[in-house]
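Below: the structure, in structure tokens.
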Protein chains: 2
Amino acid sequence: MSEVETVRQAFVQLWGSMGPFWGISPTTARVYSWLLSRAEPADADEIVQGLEMSRGAVSMACKELREWHLIFPEKAPGSRRVTYRPATDLEKVIRNIVEIRKRREWDPVLESLREWIPLLEADPSPEAEVFRERLESLESLVALTDSMVNVFLKGGLLGRFGLKMLVKAARDEPRHETPDEELVLQLEESP
Amino acid sequence: MSEVETVRQAFVQLWGSMGPFWGISPTTARVYSWLLSRAEPADADEIVQGLEMSRGAVSMACKELREWHLIFPEKAPGSRRVTYRPATDLEKVIRNIVEIRKRREWDPVLESLREWIPLLEADPSPEAEVFRERLESLESLVALTDSMVNVFLKGGLLGRFGLKMLVKAARDEPRHETPDEELVLQLEESP
DNA sequence: CAGAAATTTCAATACTTTTTGAAATTACAA
DNA sequence: TTGTAATTTCAAAAAGTATTGAAATTTCTG
């Protein structure tokens, strides 16, 4: 077997097993990584052959990948065949996944925590007090993480400016000690 | 039902469903969040009662939680009963989870990518070249993320200094333009 | 050390998720 | 519009995970 084929197999296997980490099924992740490993876009039949999976599974996987904007369908004119080209701007891909998952999974968590805390404040038992304190520290932590993710999503950290944006935001900061909350806010609101 | 009980149920339910996100089974996550919601440590029987699950499941969940250092067993002297106290320093808890998962799941990815790239360099086909280029950009991306996670793990971002550490690292930077790689290195190596 | 309380283990079972493949639908060249 | 290639859907089957509970083991009091 050629080197490419050997590496392709290992790569597809590895990213397939990491799919669940990204909230993507192993099969879907395998289809994407297989497409990434090919120089040219491929149609569904080629994927069926290359990965030895059923027509239906490929269709499902491609549907999901289209929704995540991880692949783009292309129609060759004069034919009904659709080929798929994988997104290769991996930074954008990751930012996309993070954004969607944050909205779907984390935003509701923050909402819930903020609803629950006042409910517990209304309960005078010591049990409720301890619980409320813990929810409060959880809330701060999630909120801080949320801010950092927002910075990342607005094109920071890994974005157009790489780490430089963060460096600049920090440099522009006045020298006096700044409470974390303010800083986070400022980072979120910088251009 | 009391407010505490209402919120407890919702909380346990929510964190149970988020368990998989953290690489923890829903049951295990439910046990931890249930313990977090109680002012006092609880023994296995109380957990069985509170969460309506089997003795065995509770034992498994507690074992896993002990391994993650998310709960600490305590022995009341003069009795063989073990009670579990949940870790409440949630920052430490999260850093712990991130560290273990990074080591287990991401470090091998970086290793694999670095093994594969030279193999593809040896293959002269254009197919191999495109594939290698993509693996290379993937490698840079994973490496950069890895550096940022390392900063976080060394007590940065959410650590003792909050965001201030990062701000300081950035301020101490000379004014000339710095390539990202250098900056990352410097961040990783600061005290 | 004996006995019993407590915990852990693990094979069997229940449940959930993924995958298949054939039928239904869609898209389009002729 | 028609015929057909291509895709999608979805009920059923397979695979994979989680849960149970009774037996085995551990732990430690008396």
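None of these values were measured; they are calculated from a predicted model. To find a chain, count down the sequence lines: A is the first, B the second, and so on, and within it residues start at 1. Values reported hereafter were calculated over all heavy atoms of this structure, with side chains retained and with hydrogens, waters and symmetry mates removed.
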Next item on the list: Write down the distance between CG (B/D43) and P (C/dA5), rounded to a whole number of angstrom.
Entry: 15 Å

Next item on the list: Would you mind telling me which of C/dT20, C/dC28, D/dT7 lies closest to the side-chain atoms of A/A57?
Entry: C/dT20

Note to self: One thing to verify: whether B/E99 and B/R103 come together as a salt bridge, which I'm taking to mean a side-chain N less than 4.0 angstrom from a carboxylate O.
What the structure shows: yes

Checklist line | B/R8/B/E5 salt bridge by N-O under 4.0 Å criterion | finding: yes

Notebook entry, point to check: Of the candidate nucleotides C/dT18, D/dC28, C/dA27, which contains the atom at the shortest distance from the side chain of A/T27?
Noted result: C/dT18

Margin query: Tell me whether the side-chain N or O atoms of B/R81 pair up with the base of C/dA5 as donor and acceptor below 3.5 Å, since no angle test is needed here.
Written below: no

Checklist line | Straight-line distance of A/L135 CG to A/S112 OG, nearest 0.5 Å | finding: 10.5 Å

Item checked: Partners passing ring pair (Phe, Tyr, Trp, His ring centres under 6.0 Å) against A/F72 (at least two apart in sequence or in another chain) -> none

Notebook entry, point to check: Does D/dT7 have OP1 or OP2 sitting under 4.0 Å from an N or O in the side chain of A/R55?
Noted result: yes

Margin query: Quick one, A/S125 and B/V4 - any side-chain contact, counting heavy atoms below 4.5 Å?
Written below: yes

Note to self: Applying a 4.0 Å non-hydrogen cut-off, can you work out what B/M60 is touching in the nucleic acid: base, sugar-phosphate, or nothing?
What the structure shows: base

Margin query: Please pick, from D/dT9, C/dC28, C/dT8, the nucleotide with the shortest atom-to-atom distance to any side-chain atom of A/K75.
Written below: C/dC28

Check: Quick one: B/E74 CD to C/dT7 P, roughly how many Å, whole number?
Finding: 14 Å

Notebook entry, point to check: To the nearest 10 degrees, how far apart in direction are the end axes of the helix from C/dC1-D/dG30 to C/dA30-D/dT1, each fit to five base pairs?
Noted result: 20°

Check: Nearest nucleotide by nearest heavy atom, which residue falls closer to the 5' end of DNA chain D, B/E52 or A/G56?
Finding: A/G56

Checklist line | OP1 or OP2 of D/dT7 under 4.0 Å from side-chain N/O of A/K63 | finding: no

Check: Roughly how many Å is it from CD in A/E64 to P in C/dT19, rounded to a whole number?
Finding: 11 Å

Margin query: Assess whether a salt bridge exists between B/D146 and B/K102, defined as any Lys/Arg side-chain N lying under 4.0 Å from an Asp/Glu carboxylate O.
Written below: yes

Notebook entry, point to check: CZ of A/R30 versus C1' of C/dT19: gap in Å, rounded?
Noted result: 11 Å

Item checked: Between P of C/dT7 and CD of B/E46, the distance in whole Å -> 11 Å

Notebook entry, point to check: C/dT7 P sits how many Å from B/I71 CD1, rounded?
Noted result: 12 Å

Margin query: Measuring to OP1 and OP2 of D/dT8, would you say a side-chain N or O of A/R66 lies under 4.0 angstrom away?
Written below: yes

Check: Could you go step by step and tell me if B/W34 and B/Y84 meet the ring-ring contact (aromatic ring centres under 6.0 Å, His included) rule?
Finding: CA-CA 11 Å; B/W34 187 83; B/Y84 290 105; over 10 Å; no

Item checked: First of A/P77 and A/P26 reached from the 5' end of DNA chain C, by closest nucleotide -> A/P26

Check: Ignoring hydrogens and angles, does a donor from either the side chain of A/R80 or the base of D/dT4 sit under 3.5 Å from an acceptor on the other?
Finding: yes

Item checked: Distance, rounded to the nearest Å, where A/I47 contributes CD1 and D/dT7 contributes P -> 10 Å

Notebook entry, point to check: Does the distance from a Lys or Arg side-chain N to an Asp or Glu carboxylate O, for A/E136 and A/R132, drop under 4.0 Å?
Noted result: yes

Next item on the list: Select one nucleotide: of D/dT9, D/dT20, C/dG3, the one nearest the side-chain heavy atoms of B/S54.
Entry: D/dT20

